[in-house]
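Quick note: residue numbers are just sequence positions, from 1. Bear in mind that the values here come from a model prediction, so they are computed numbers and not experimental data.
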Amino acid sequence: MGSCCTPDNSCSTNTVEISTTTAVADTTATVYAVSGMTCGHCKTAITNSVSALDGVITVDVDIAAGKVTVTTGGEPDDAAIAAAVDDAGYELTGRA
């Protein structure tokens, strides 16, 4: 029985080179102190409110520590983030 690689029963090791380009944006992770968070609802409310802002890539809420880490493309807009936290019903007390 012959090889499954090629019709002449020889094994071919042709390599196809694939070139990909990945754009990596400059990101900034900023940690904020937020008061008033006590439960999963708080986490969801803040995550949804801050995530809706332009330039926000991720939001990580640590209820126990009272911290919210916001990763943005470039420098964060502290005033917009504070307003989004306020709209969710909590108080951003500054950068941690």
Side-chain angles (χ1 to χ4, degrees):
M1 189 120 238
S3 169
C4 65
C5 294
T6 63
D8 68 353
N9 296 328
S10 66
C11 201
S12 175
T13 58
N14 290 339
T15 303
V16 176
E17 187 173 323
I18 299 173
S19 177
T20 58
T21 303
T22 304
V24 177
D26 289 332
T27 60
T28 303
T30 308
V31 180
Y32 298 95
V34 176
S35 64
M37 301 184 300
T38 59
C39 65
H41 170 76
C42 301
K43 180 176 183 172
T44 301
I46 290 172
T47 299
N48 291 342
S49 185
V50 176
S51 292
L53 296 173
D54 286 341
V56 172
I57 298 168
T58 62
V59 178
D60 181 46
V61 178
D62 183 342
I63 295 167
K67 309 278 189 237
V68 176
T69 303
V70 180
T71 303
T72 55
E75 287 299 312
D77 182 345
D78 290 340
I81 293 169
V85 169
D86 185 61
D87 287 347
Y90 305 91
E91 182 183 1
L92 187 148
T93 58
R95 288 191 180 197

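- Sorted by first and then second residue, the side chain to side chain donor-acceptor pair (under 3.5 Å) pairs involving residues 35-52 (not counting sequence neighbours) form an empty list.
- In this view, A52 satisfies the side-chain contact (heavy atoms from CB on, under 4.5 Å) rule with no residue, not counting sequence neighbours.
- The main-chain N or O of G74 is found under 3.5 Å from a side-chain atom of T28 such that the two form a donor-acceptor pair.
- T69 pairs by the side chain to side chain donor-acceptor pair (under 3.5 Å) definition with nothing, not counting sequence neighbours.
- Among residues at least two apart or in separate chains, salt bridge (Lys or Arg N to Asp or Glu O under 4.0 Å) pairs with a member in residues 86-96 are D78-R95.
- Nearest heavy atoms, G36 versus C42: O-SG, 4.1 Å.
- Hydrophobic clustering, defined by side-chain heavy atoms of Ile, Leu, Val, Met, Phe, Trp and Tyr closer than 4.5 Å, groups Y90 together with Y32, V34, M37, I46, V50, L53, V56, V59, V61, I63, V68, V70, I81, V85, L92.
- Within the structure, the salt bridge (Lys or Arg N to Asp or Glu O under 4.0 Å) test picks out no pair touching residues 45-72 (sequence neighbours left out).
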